[in-house]
*Asks:* 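My questions will all concern the structure given below.
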Amino acid sequence: MTDQTPRRQPGEPLEPVHVPMLKIVEGGIVAWAVALVVTLVVPALHEGDRDWWPWTCVAGMGLGAIGWVYLRRGRGNATDAA
């Protein structure tokens, strides 16, 4: 079996790893949406002292949406940072 990745020489700078940030943010928004549905379907998770739990999910989705818009506009790109 041969290794297809080239070996890095000592002193050679490391290449940055591409991270698909939009996919990560979208996954987080979906996770918060699932958590919201679960908290609304199970009465014990949104009654009494836990009445703030659904609002936490809504806040997570809202902040994720702000991050998604930020990244879509290109401002989350580190190569363009000054």
Side-chain angles (χ1 to χ4, degrees):
M1 184 179 339
T2 61
D3 188 10
Q4 298 296 327
T5 58
R7 293 278 182 198
R8 187 178 70 83
Q9 299 298 323
E12 185 178 329
L14 295 173
E15 293 294 321
V17 177
H18 174 69
V19 179
M21 289 305 298
L22 274 175
K23 298 283 185 198
I24 293 171
V25 171
E26 290 166 354
I29 294 171
V30 169
W32 279 115
V34 169
L36 177 62
V37 169
V38 169
T39 57
L40 292 177
V41 169
V42 179
L45 296 179
H46 67 269
E47 293 176 350
D49 290 339
R50 296 180 181 152
D51 61 348
W52 56 272
W53 283 21
W55 293 110
T56 302
C57 299
V58 171
M61 289 188 306
L63 290 173
I66 291 170
W68 186 83
V69 169
Y70 182 78
L71 289 171
R72 285 292 295 173
R73 294 187 67 164
R75 296 189 179 157
N77 189 352
T79 60
D80 294 336

*Asks:* Just verifying a value: how many Å separate Leu71 CG and Glu26 CD, rounded to the nearest 0.5 Å?
*Replies:*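 Nearest 0.5 Å value for the CG-CD distance: 9.5 Å.
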
*Asks:* Under a 4.5 Å side-chain heavy-atom rule over Ile, Leu, Val, Met, Phe, Trp and Tyr, are Trp53 and Val38 clustered together?
*Replies:*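 They do share one cluster, since a chain of ILVMFWY contacts under 4.5 Å joins Trp53 to Val38.
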
*Asks:* Rounded to the nearest 0.5 Å, what's the gap from CG on Leu63 to CH2 on Trp32? Could you check?
*Replies:*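 It is 9.5 Å, given to the nearest 0.5 Å.
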
*Asks:* Is Val42 linked to Leu36 within one hydrophobic cluster, defined over Ile, Leu, Val, Met, Phe, Trp and Tyr using a side-chain heavy-atom separation of less than 4.5 Å?
*Replies:*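 In one cluster with Val42: Leu36, no.
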
*Asks:* Count I, L, V, M, F, W, Y as connected when their side-chain heavy atoms are under 4.5 Å apart, and connections chain through other members. Are Trp68 and Val30 then in the same cluster?
*Replies:*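 Not linked; separate clusters.
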
*Asks:* Within a reach of under 6.0 Å around CD of Glu12, are more than 12 heavy atoms found that belong to other residues, nucleotides or ligands?
*Replies:*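 Result for CD/Glu12: enclosed.
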
*Asks:* Is a side-chain donor or acceptor of Glu47 paired with a backbone partner of Ala44 at a separation under 3.5 angstrom?
*Replies:*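 Side chain of Glu47 to backbone of Ala44, a donor-acceptor pair under 3.5 Å: no, none is there.
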
*Asks:* Does His46 reach the main-chain N or O of Pro54 with its side chain, forming a donor-acceptor pair under 3.5 Å?
*Replies:*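 Not confirmed, His46 side chain does not pair with Pro54 backbone.
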
*Asks:* Quick one: pull up CG in Asp49 and CG in Asp51 and give me the separation to the nearest 0.5 Å.
*Replies:*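 Between Asp49 CG and Asp51 CG, I get 7.5 Å after rounding to 0.5 Å.
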
*Asks:* Please determine which of Leu40, Val41, Thr39 meets the side chain to side chain contact (heavy atoms under 4.5 Å, CB included) test together with Val37.
*Replies:*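 Only one of Leu40, Val41, Thr39 forms a side chain to side chain contact (heavy atoms under 4.5 Å, CB included) with Val37, namely Val41.
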
*Asks:* Find the distance between SG (Cys57) and CG (Leu45) and round it off to the nearest 0.5 Å.
*Replies:*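 One gets 9.5 Å once the value is rounded to the nearest 0.5 Å.
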
*Asks:* Are Val19 and Val25 connected, step by step, through hydrophobic side chains (Ile, Leu, Val, Met, Phe, Trp, Tyr) whose heavy atoms are closer than 4.5 Å?
*Replies:*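 Same hydrophobic cluster.
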
*Asks:* Check Leu22 against Arg72 and note the closest heavy-atom contact, atom names and distance.
*Replies:*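 Shortest heavy-atom separation between Leu22 and Arg72 comes out as CD1-CD, 3.6 Å.
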
